[in-house]
Structures are given as C-alpha cells and as structure tokens.
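Everything below concerns the one structure shown next.
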Amino acid sequence: MRSDKLSSVGEIKAIERLLKQYKAFYRKDFCFPIDDDVQAFYNCKISIKIDGYCEKYSRYPWERWSNWGWRAITGTVSDLYAKGYTPFGVVYSLGLPKNFPLSKLEDISIGIKKAMREYDLSFLGGDLNVSYKYAWIDVAALGTHSTSYIFPRSGAKAGDLVFTTLVNGYGTSSLLFFAYKNRLWNKLPREFLNYTPRAVKEFPLVSKAIKVNSSIDSSDGLAKSLWILAKSSNVVIHIDNIPIHGKVISYLKNFNLNIEEFALYGGEEYEVIFTTSEKEDRVIRVCKSAGIECIKIGKVIEKSDKPKIIFNNREIKPEGWDQFLST
Ligand SMILES: Nc1ncnc2c1ncn2[C@@H]1O[C@H](COP(=O)(O)OP(=O)(O)OP(=O)(O)O)[C@@H](O)[C@H]1O
Ligand SMILES: Cc1ncc(C[n+]2csc(CCOP(=O)(O)O)c2C)c(N)n1
Ligand SMILES: [Mg+2]
C-alpha cells in the first residue's frame, strides 16, 4: 500500500518494491541476481557494492567517530569478500550537520584510513555534503574476481553443508545492542565496548580452494542471513550448531538472557555464511590454511517451495536487523 510507512513494511518489502521497478534496467550479462549482495560485470571480473549508515542508528554513544568510519568501510567490503571478490578501492560520501566539529571529521577519517590500510584499498574519491541533525555516510567499493566461478545467494543445493567463519564471532554485537537499548553499557568491560569487527578478507582464498555454492555475509544477523540463503535458493536448512562467542556467554547468563537468541538475532558480525558440497574436514582445513576458523553449523536438507530454517525440530523465526523495524 502506498500509504504504508517504512516502519510497518520493513526494509525487505520496501526493497522488493523498488527492485520490481528496476528490472528493466538489469542487463542479462550481469553475474548476480538483481537482489544479491553485490553485482558483477565484465565477465564477472569486476564487482560493486554500496552501503550506507546514519549516525543515529549505527554509532553507539561510547564509540569514537573513528570506529564509525572503520565500520562503514568494513560493512561495504564485507559483501565483496563474502562473494569471493577482493576489493581494490572505495568512494564515499559524507553528510554532516553544519555544526559538526572539524576534530570529529578528522576522527572519522582516521577510521577510514585504518580500514583502507587493513583491506589494502585505494581511495577512488569522496563527497562532502550538509545533512540535517545527524551524520551520514555512504561507501561504495569495487572488487576484482579471484575465483573462476561465482556463488550467488541462490546457489545452495540439497546435501550442501552450511558453514560460518568465526573471525569476530557471534553474540558480542547483539549484547552491545541490548546494552545500548537498556542503558546498561557501563556494566560491560571496555573489551566489549571496543568491538571493532573486521571483514573476512581471507574468504576469497577459501573460495579459490573449495567450490562454494552460495554465500552471504552476516551483517543482519545469523538467522536472517540463513533465511535469505534458504529463501533465495528455495531450500530447507537444518541447523545443529549455533555458534556463540565464549566470552559473551557469562554476560548473557548474568543478565539472564537467552544465549541462542543472542547468537541468532544480532547483526554486524560480518562473518561469511556459506554452503558447499565439499567434506567438512577439508573445508575446516582450507579455512585454517587461509588463516581463519570455520565451523559447520548445519546442512541443506532439500529443495522446497516452503524454505525454512529448522533448529532442534523448531522453525527459527526469519527475523534480524532491519533498518526500519529494528530501531
Ligand atoms: N534503495 C534501493 N534501491 C534499489 N535497490 C536496492 C536499494 N536498497 C537495496 N537494494 C538492493 O537490494 C538488495 C538487498 O539489499 P540489502 O542492502 O539488504 O543487501 P545486503 O547485501 O544484505 O546489504 P547489507 O550488506 O547492507 O546488509 C541488493 O541487491 C541491493 O542492491
Ligand atoms: C546506535 C546503534 N543502533 C544500532 C546498531 C546496530 N546496527 C546498526 S547497522 C546494523 C546492520 C548493518 O548492516 P550492514 O553493514 O550490512 O549495512 C546493525 C546491527 C548500532 N551499531 N548502533
Ligand atoms: Mg550482505
């Protein structure tokens, strides 16, 4: 309905509406489905991704502006890495209120530079605009192909094993969001508050050594990311292992919180969730040689026109971070 608000419709439905209109502008020689994490062209050699963040909904009060700059770059390149592409450069656009101090702008650029060093990115250009009340950043990144094939969200096959990388781990980001919403952050140690996830830049190496069938990054949480894979691939996925960062568990217990829920419904972990028909021990070994840990979390059971995620005989709610529903 045209009169509906974004806060009742949510991000996914709103985007679906937009994408219907843009179908006519999609070229047949593009490599990914129109709604995938990234798009690629020139024989899939070059790929592009854009991602944006509003300060109000993406920077916690205890965080430095440099963290915000770092995460904006990380969030964008994460999608490229998750698809096997290695980003080589970024352009970004900043919107800042008129009274924004120059010192904070410097701090944002410290975070951006740190991320460009970490991911070996070139600076391709920028833009500075005035915004109303809150700061805003949009980052676009270009990546090059390092595998001989591509793996969309829709490529999961019956029998595939489902893996996730464990570079940042699950649980920390949802605990931080909980602490923020409940004004409890002074109960958490600096170690948690300084959470600075990094994108899984080793994943292109993994996808070179094994054949990945489908993948997504976990920026909107494990449950939602798994659900998107299942829905795009039309499959039922069984999960038998929900990963949670060891250090988070005691805090969740202290606050009397449900451990599984915090692992499932987070966001901003920037892990790669992928499916493959390769054997478990080989996948774990290949990840290790690439310098990261991967664990098997489940299996793709069957093709189905009723895609779902099952854990312990129960269907997992396909919920997660949504810009319009979550805040
Ligand atoms: N405003 C928009 N107009 C057109 N297409 C959009 C718009 N926003 C998102 N999309 C497209 O919709 C798809 C899903 O977008 P979404 O941002 O949820 O992807 P994502 O990779 O999960 O992003 P993120 O990394 O931010 O979680 C992508 O193909 C994206 O290009
Ligand atoms: C003040 C404040 N409120 C909420 C959050 C949580 N949060 C912000 S963006 C996001 C998903 C990013 O996905 P992507 O990078 O793919 O766009 C999440 C989980 C936060 N960090 N700060
Ligand atoms: Mg993504």
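Start at 1 and go down the list; that is how both ligands and their atoms are numbered.
- Using a 4.0 Å cut-off between charged side-chain N and carboxylate O, Lys279 and Asp281 make no salt bridge.
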Worked verdict on Asp37 versus Lys49 for salt bridge (Lys or Arg N to Asp or Glu O under 4.0 Å): CA-CA 7 Å; Asp37 301 85; Lys49 166 74 187 181; 5.5 Å; no
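- Side-chain contact between Pro97 and Tyr134 is absent, with no heavy atoms from C-beta onward closer than 4.5 Å.
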Salt bridge (Lys or Arg N to Asp or Glu O under 4.0 Å) between Asp36 and Lys83, worked out: CA-CA 10 Å; Asp36 216 305; Lys83 292 288 167 190; 2.9 Å; yes
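- Taking 2.8 Å as the threshold, Asp220 does not count as a candidate ligand of the Mg ion (ligand 3), since none of its N, O or S atoms lies below it.
- Between Tyr149 and Ser207, the side chains place no donor N or O within less than 3.5 Å of an acceptor N or O (distance only, hydrogens not considered).
- Of all protein heavy atoms, the one lying nearest to atom 25 (O) of ligand 1 is Asp79 OD2, 2.8 Å.
- No side-chain N or O of Tyr92 forms a donor-acceptor pair with one of Thr76 less than 3.5 Å apart.
- Within the set Arg153, Arg17, Glu16, the minimum heavy-atom distance to atom 22 (O) of ligand 1 is found for Arg153.
- Trp70 and Tyr119 have their aromatic ring centers within a separation under 6.0 angstrom.
- Summary: OD2 is the N/O/S atom of Asp37 found nearest to the Mg ion (ligand 3).
- Each of the following atoms of ligand 2 lies closer than 4.0 Å to a heavy atom of Arg59: 1 (C), 22 (N).
- Note: Phe178 and Phe262 meet the aromatic proximity criterion, with ring centroids under 6.0 Å apart.
- Scanning the protein for heavy atoms near atom 27 (O) of ligand 1, the closest one is Ser219 OG, 3.0 Å.
- Ligand-side atoms of ligand 1 in range of Asp51: 24 (P), 25 (O), 26 (O), range being under 4.0 angstrom from any heavy atom.
- The distance criterion of under 3.5 Å between nitrogen or oxygen atoms is not met by Gln323 with respect to ligand 2.
- For ligand 2, the polar-atom distance check against Asp79 finds no nitrogen or oxygen pair separated by under 3.5 Å.
- Taking the six-membered ring where the residue is Trp, the centroids of Tyr170 and His245 are separated by 6.0 Å or more.
- Close approach of ligand 1 to Leu19 (heavy-atom distance below 4.0 Å) involves ligand atoms 5 (N), 12 (O).
- For Lys306 and Glu302, the salt-bridge test fails: no basic side-chain N is under 4.0 Å from an acidic carboxylate O.
- For atom 16 (P) of ligand 1, the nearest non-hydrogen atom of the protein is Ile15 CD1, 4.3 Å.
- Between Asp240 and Lys299 there is no salt bridge, since no side-chain N of the basic residue sits under 4.0 Å from a carboxylate O of the acidic one.
- A side-chain donor from one of Trp68 and Ser58 sits under 3.5 Å from a side-chain acceptor of the other.
- Every N/O-N/O distance between Trp321 and ligand 2 stays at or above 3.5 Å.
- Looking at Asp35, Thr76, Leu18, it is Asp35 that brings a heavy atom closest to atom 13 (C) of ligand 1.
- Ligand 2 has a nitrogen or oxygen under 3.5 angstrom from a nitrogen or oxygen of Tyr57.
- Proximity of Lys56 to ligand 2 is established by a heavy-atom distance of less than 4.0 Å.
- The distance criterion of under 3.5 Å between nitrogen or oxygen atoms is met by Ser219 with respect to ligand 2.
- Heavy-atom contacts of Ser58 reach the following atoms of ligand 2: 1 (C), 2 (C), 20 (C), 21 (N), 22 (N) (cutoff under 4.0 Å).
- Which parts of ligand 2 touch Arg71 is read off a 4.0 Å heavy-atom cut-off, strictly below it: atoms 21 (N).
- Protein heavy atom at the shortest distance from atom 23 (O) of ligand 1 is Lys49 NZ, 3.2 Å.
- In this structure, Phe192 and Tyr251 have perpendicular ring planes: the angle between them is above 60°, well past the 30° mark.
- Against a heavy-atom cut-off of under 4.0 Å, Asp51 is close to the following atoms of ligand 2: 14 (P), 15 (O), 16 (O), 17 (O).
- Nearest to atom 31 (O) of ligand 1 by heavy atom, out of Ile12, Asp322, Asp36, Ile50, is Asp36.
- The atoms of ligand 1 that sit less than 4.0 Å from any heavy atom of Ile34 are 29 (O).
- A salt bridge is defined here as a Lys NZ or Arg NE, NH1 or NH2 lying under 4.0 Å from an Asp or Glu carboxylate O, and Asp4 with Lys13 fails to meet this definition.
- Classified by interplanar angle (parallel below 30°, tilted 30° to 60°, perpendicular above 60°), the ring pair Phe30/Phe41 is tilted.
- Not a single N or O atom of Asp217, backbone or side chain, sits closer than 3.5 Å to an N or O atom of ligand 1.
- If you look at Asp220 next to ligand 2, the close heavy atoms, those under 4.0 Å, all belong to the side chain.
- Here is the list of ligand 1 atoms found below 4.0 Å of a heavy atom in Asp220: 27 (O).
- Looking at Asp79, its N, O or S atom nearest to the Mg ion (ligand 3) turns out to be OD1.
- As for Asp217, its N/O/S atom nearest the Mg ion (ligand 3) is the one called OD1.
- Contacts of Glu11 with ligand 1, taken as heavy-atom pairs under 4.0 Å, involve the side chain alone.
- Atoms of ligand 2 found under 4.0 Å from any heavy atom of Phe177, numbered from 1 in the order shown, are 3 (N), 4 (C).
- Taking the six-membered ring for Trp and thresholds of 30 and 60 degrees, Trp185 and Trp62 have ring planes inclined between 30 and 60 degrees apart.
- Within the cation-pi definition used here (under 6.0 Å to the ring centroid, within 45° of the axis), Lys317 qualifies as a partner of Tyr265.
- The nearest protein atom to atom 4 (C) of ligand 1, hydrogens excluded, is given as Tyr22 CE1, 3.5 Å; this is a heavy-atom distance.
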